[in-house]
Protein chains: 2
Amino acid sequence: MHLATITGCYHVPTIYEVAEKAGVSLSTVSRVLNGKASVNKALKERVDQAIKELNYRPNSVARSLANSRTDSVGLLVPELNVPFYGDLMQAVESTLRAHDKHVIMTAGRNCLETEKDAVDFLISRNCDALIMYSESLTDDYLLNLNQTKLPISLVNRNVDGLPEACFTLDNEKGGYLATRHLLELGHKNIAYISGPNNKVDACLRLKGHKRALIEAGIVGNPQLIFNGDYSEEDGAIGLLELMARDLPFSALVCANDWMASGAISCARELGMSLPQDLSIVGFDDIVFAHHVFPRLTTVSNPVADIAEMSARYILNKVYGQTNIVQQCFEPSLVVRESTINF
Amino acid sequence: MHLATITGCYHVPTIYEVAEKAGVSLSTVSRVLNGKASVNKALKERVDQAIKELNYRPNSVARSLANSRTDSVGLLVPELNVPFYGDLMQAVESTLRAHDKHVIMTAGRNCLETEKDAVDFLISRNCDALIMYSESLTDDYLLNLNQTKLPISLVNRNVDGLPEACFTLDNEKGGYLATRHLLELGHKNIAYISGPNNKVDACLRLKGHKRALIEAGIVGNPQLIFNGDYSEEDGAIGLLELMARDLPFSALVCANDWMASGAISCARELGMSLPQDLSIVGFDDIVFAHHVFPRLTTVSNPVADIAEMSARYILNKVYGQTNIVQQCFEPSLVVRESTINF
DNA sequence: TGAATTTAGGAAACCGCTTTCCCAAAGACA
DNA sequence: TGTCTTTGGGAAAGCGGTTTCCTAAATTCA
């Protein structure tokens, strides 16, 4: 018989007390709780009754120790306070909690060391699996991690060797859609502010842009492309630089909404009227895309759906569920007021 | 001697193996790890060496079970994907992780049942403490929770009976600052769109507004106040309703930035030019406040500072730290371009 | 009616670490 | 030299469950 434990003025019941109260054995209570073996109906009811009366909850720590599973999943995102990743976190959390798993969220800050620290931290917490939106970790690192037998799931990243763990947006198609929209509006000279070219998604978006141009029989001019870093400032800097190159353009595609926002502010400060003087398209459809003026035409990124799918993959892989999984998601164009006929 | 445990192809070392490798006893390793008793320097080095060579990490689950502490803190916020709460989560997470605690984040959705579920969930996870930004739980519920000996910390809420656990903004002063700013610009007729009057912060902001008017010798007209619900739509609806009342006003205070944004969009659709036709002030200084056009003059809410302080309080209370704690924070006015002289 | 199958109880090992108790060895001090 | 204080070892209990093994009783089936 275990001694009663007093925590403050409240007593936390153990499984032994449930067994005693129900007048059954320990094994029986455990069988009822885990439903792994059949139990006489009357006995089961007595156990359930005792659980209710004692307000018993199995101690999750003890349970974790016994079956070496914590029912927790680590999540790595670049930032906790950026709306885009907020959608991701929200999707992952609600999907996993619906199955009684909890998620431990950490920020990677687009920094290799910080990301590694975060992963170490999550491992030290004995997470059952990791979901990562990593910007800095190398493919090799991720492959090693995977061989550790710690299941991982990657959002917005394709790593050779992890075919089923990667969940992505079709970025190339997104870039294509943005530029095709402008072409359809009659624009011929289209400038482009890209994301950093060491990021795969940025390269794919640019690739899509180029494909649309080629398809329309237009020869792309490298001088109409500015290489930005996804930041709002680089949107402004990019626009100034492009204009300084003295080539005409009536439309601008930005590889994300932040740069589009920066370009819009800059254009207004230059006295341009939008969208008459310049049509602008963004990418991601983040929350403030319809707060900028004019409301931003952009490419939607269903990051919540992608994130949910990555969580379902983990549920399948680690917790024996059998959800249907889709790896690649389609972007779509959201037309608002920042683009207009040429 | 414990048997070696094979997980996949990797072996996770235990404290016993560290002891064996270092040629010392179990107790010594534990003493080194927890630093609670002095250990011979040479021995300590041998232990550290063994830990390094084996790449040993103490199993946090076993440790939790043994000392009934999980080193985890539950966090309840209204939404995981709203920038304002993102700042809060970010502050709490980084403060706690710096001390090797992890946080489990849950969303309350401004719904009593959801908030209770979230709290139950966090309790079932054996959190050492709870930090809450609760919108729906009653004071009584919170007081009960606290008596459970589960330490709690409240952000943006004052509960009688929990004098030291509450961390808030001086909302009344914020409301006062917003309106005084407009008065100083020469406005006499100032409309106000309030937050829901069952929320204390909303009431306090309104109270501050009224105090500023009185101080300026202006008799407030109840007809110039619209009772909103903090949503963007209610900002638009509020403006329309106020204008329909056919009383002149040259300035508008909104009790948060969302409603200010709604009012701005609405005003523009009505063909008003801002800020010439109407000066608008918001509240909270959320991330997109400088993305709206004109850039929003608003009252800053240092939610990250407040959240960090609530985390420090928990560090003190539960983990024996001794940070200095401040309970109430001052708002400040951020003047941008949405307000202009009358 | 007898044999085979379920069903439940009791005991014990185990998960990996913390903590306590007691004892032996070594160093400090008078 | 003898006593007092550190320091470290060894053993064992405990945290609260899960799981396995064995046995006894109850039920089913031929």
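Sequence lines set the chain letters: A, B, ... in the order given, protein chains first and strands last, and positions in each chain run from 1.
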- Message: Looking at A:D48 and A:K44, is there a salt bridge between them, counting it only when a charged N and a carboxylate O are closer than 4.0 Å?
- Response: yes
note: A:R57, atom CZ; D:dG17, atom C1'; distance rounded to Å ~ 16 Å
Here the distance between atom P of C:dA8 and atom CZ of A:R31, to the nearest Å, is 7 Å
### Message
With a 4.0 Å limit, can you tell me whether B:Y16 has a side-chain N or O closer than that to the phosphate oxygens OP1/OP2 of C:dC15?
### Response
no
Ranking B:A66 and B:S27 by the position along DNA chain D of their nearest nucleotide, the one closer to 5' is B:S27
(Q) Looking at A:T14, I'd like to know whether one of its side-chain N or O atoms comes within less than 4.0 Å of OP1 or OP2 on D:dG16. (A) no
Residue pair B:V24/B:A62 against DNA chain D: nearer the 5' end by closest nucleotide is B:V24
Short N-O contact, A:E17 and A:K21, less than 4.0 angstrom
no
- Task: Examine the side chains of B:N126 and B:T70 and answer whether a donor and an acceptor come within less than 3.5 Å of each other.
- Result: no
Here the distance between atom P of C:dT18 and atom CZ of B:R69, to the nearest Å, is 12 Å
When rounded to whole Å, the CG to P distance for the pair B:L65 and C:dG16 reads 12 Å
Regarding the side chain of B:I15, the nearest nucleotide among C:dT18, D:dG17, C:dA12 is C:dT18
Taken to the nearest whole Å, CG/A:D71 to C1'/D:dG17 is 13 Å
Query raised in the report: Distance under 6.0 Å and angle within 45° of the ring axis: does B:R157 meet both against B:Y133?
Result: no
task: For C:dT18, take OP1 and OP2 only and decide whether either is under 4.0 Å from a side-chain N or O of B:S30.
output: yes
When rounded to whole Å, the CD1 to P distance for the pair B:I51 and C:dC17 reads 11 Å
Rounded to whole Å, the CZ-C1' distance (B:R63 to C:dC17) equals 8 Å
Atom CG of B:L26 and atom P of D:dT7 are separated, to the nearest Å, by 20 Å
### Message
Classify A:S68 by what it touches in the nucleic acid, base, sugar-phosphate, or nothing, heavy-atom distance under 4.0 Å.
### Response
nothing
Checklist entry - Can you find a side-chain donor-acceptor pair between A:E164 and A:Y313 that sits under 3.5 Å? => result yes
